[in-house]
Amino acid sequence: MKKNFLNLGNQPIANSFLSSISRSSLKKEYFYKLIICFNTKNFLVSVKDPVNPKIQYTDQYAHRASESQTMREAFRKIAIKLQKRFKPKKVMEIGSNDGVFLKNFPKKKVVAVEPCKNLANLTKKKFKTYPFFWNKKLSKKILNENSKIDLIFSSNTISHIPNLKETFQAIYDILSNKGVLVIEDPSLSSIIKINSYDQFYDEHVYVFSALSIKNIVEEFNLKLFDIEKISNHGGSLRYYVCKQEKNYKLSSRLKKILKDETKLGLNNFKTFKKFANRVYKSKKKLVALLKRLKKENKKIISYGATYKSTTVFNYCKIGTEYFSYITDTTKNKQGKFTPGMHIPILPPEKGFNESVDYAYLGAWNFKKEIMKKEKKFIKRGGKFITHVPDVRIV
Ligand code: TYD
């Protein structure tokens, strides 16, 4: 049974940055109710009413995985590691974005699946790219044109696809018998531990745990056999899934993580009710802090126009009365306005200057990288604000 535990209010599509805030463009802005629920049977946490993917993954899709040094390095390292461990002859990525992972493999070995046409266009000259949504029809088409796949990699994508049944059946069909599926997604235990409720937005239809992934893949004759904790996106899990357990032994680290998640209560509705209460308190505290700083006439901006911050701004109802603007390095976000709260986005070279007193870390998941980069700001007395793991000035 699915039980609701968190209501994050009316939210826009996190990726729908606006080019203009004229009355006619605001009239077209799409909002949906972001309610999060828990399935008491398979322990899966999900958005109650997912948005139609055709509205989300368009040829205007803004996120570029190569944008951060941290992520470029993370994808390079995992590509090398998987090549060494599984020695795949054929590799496929579901949600290949701008090719940041696949570029680490020989061209001939790889197949890219990416429904956002602007991103697929970036990789199609380099690798075989299928610019479509992942489903059984596509799996069949790829199988007709290629051999079976030995390694399927999917980072921050499976959790975005509402139809899990179709997703895993399509994976089962195309995976070679000894093949391995590797999934990376934000981890539910990290979210609960560090109160990062902003991991909930339209694209994150599911927030997986080892407990829920184990239950789900078993429904489709697949087995979770290994797992790794990774630091990506403020705490993620990398799941290793195969067709038959006999090919791969269950790892002791998987057993440990399953045990830890049970201890944390990720199989218990009560845990999520308590979390929702902490989220509400976090909102109150953030608004109070911003109000106080504004009263003191401080200039506050936000650092990183992330999808995550869209959840925070719209849930807390904080916009240009607090933030003068947001700075972001992504070219196609610059000059636009954030979804819902319509905060202008500037390139850092125009906005991250002497006039700024406080910068809210929209991209808190890159805190280390940002702190290193912005030593000058910190030295001259500039301060960062974060809400993770609790609201405070850093
Ligand atoms: P990301 O981590 O992908 O978060 P989300 O999935 O919630 O959107 O986005 C990070 C954003 O922050 C991205 O738009 C790039 C921006 N950014 C900066 O502007 N400066 C930086 O130094 C870093 C690391 C990121």
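We count ligands from 1, going down the list as the structure has it; atoms in each ligand are counted the same way.
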Considering only non-hydrogen protein atoms, determine which one is nearest to [atom] and report residue, atom name and distance to 0.1 Å.
| atom | result |
| --- | --- |
| atom 25 (C) of ligand 1 | Phe366 CD1, 4.3 Å |
| atom 4 (O) of ligand 1 | Lys308 NZ, 3.0 Å |
| atom 8 (O) of ligand 1 | Tyr307 N, 2.8 Å |
| atom 10 (C) of ligand 1 | Thr306 CG2, 3.6 Å |
| atom 22 (O) of ligand 1 | Lys373 NZ, 2.5 Å |
| atom 17 (N) of ligand 1 | Thr329 OG1, 3.8 Å |
| atom 3 (O) of ligand 1 | His63 CE1, 2.9 Å |
| atom 13 (C) of ligand 1 | Asp328 OD2, 3.6 Å |

Residue part near ligand 1, for [X], under 4.0 Å between non-hydrogen atoms:
| X | value |
| --- | --- |
| Gln69 | neither |
| Asp198 | neither |
| Phe352 | neither |

Give the numbers and elements of all ligand 1 atoms closer than 4.0 Å to a heavy atom of [X].
| X | value |
| --- | --- |
| Ala363 | 12 (O) |
| Gly304 | 12 (O) |
| Tyr303 | 20 (N), 21 (C), 22 (O) |
| Thr330 | 13 (C), 14 (O), 15 (C) |
| Asn365 | 2 (O) |
| Glu369 | 24 (C) |
| Lys333 | 13 (C), 14 (O) |
| Tyr201 | 6 (O) |

[atom1] of [X] to [atom2] of [Y]: how many Å apart, nearest 0.5 Å?
| X | Y | atom1 | atom2 | answer |
| --- | --- | --- | --- | --- |
| Thr329 | Phe352 | OG1 | CZ | 12.5 Å |
| Leu34 | Tyr315 | CG | OH | 10.5 Å |
| His342 | Ser20 | NE2 | OG | 10.0 Å |

Quiz prompt | For Ser209 against Tyr239, the heavy-atom pair lying closest together | solution =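 In this case the closest contact between Ser209 and Tyr239 is C-OH, 3.5 Å.
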
Quiz item: Closest approach of Phe275 and Ile191, non-hydrogen atoms and distance?
Solution: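 Result for this residue pair: CE1-O, 3.7 Å.
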
Self-check item: Enclosure of Lys299 NZ (heavy-atom neighbours >12, cutoff 6.0 Å)
Solution: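 Counting other residues, nucleotides and ligands, NZ of Lys299 exceeds 12 neighbours.
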
Quiz prompt | More than 12 heavy atoms from other groups under 6.0 Å of NZ on Lys214 | solution =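 Atom NZ in Lys214 is not crowded, with 12 or fewer foreign heavy atoms closer than 6.0 Å.
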
Quiz prompt | salt bridge (charged side-chain N to carboxylate O under 4.0 Å, His left out) evaluation trace for Arg76 with Glu73 | solution = CA-CA 5 Å; Arg76 194 184 67 81; Glu73 196 44 29; 2.9 Å; yes

Quiz item: Is any side-chain heavy atom of Lys89 closer than 4.5 Å to a side-chain heavy atom of Lys109?
Solution: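 Sidechains of Lys109 and Lys89: no contact.
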
Self-check item: Same apolar cluster: Leu122 and Val111, side chain cutoff 4.5 Å
Solution: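 Yes; Val111 is reachable from Leu122 via cluster members.
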
Quiz prompt | Ionic contact status for Lys294 with Glu321, cut-off 4.0 Å | solution =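 Looking at Glu321 and Lys294, the cut-off is not met.
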
Quiz item: Where does the angle between the aromatic ring planes of Tyr57 and Phe133 fall among parallel (under 30°), tilted (30 to 60°) and perpendicular (over 60°)?
Solution: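 It falls in the perpendicular class, over 60°.
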
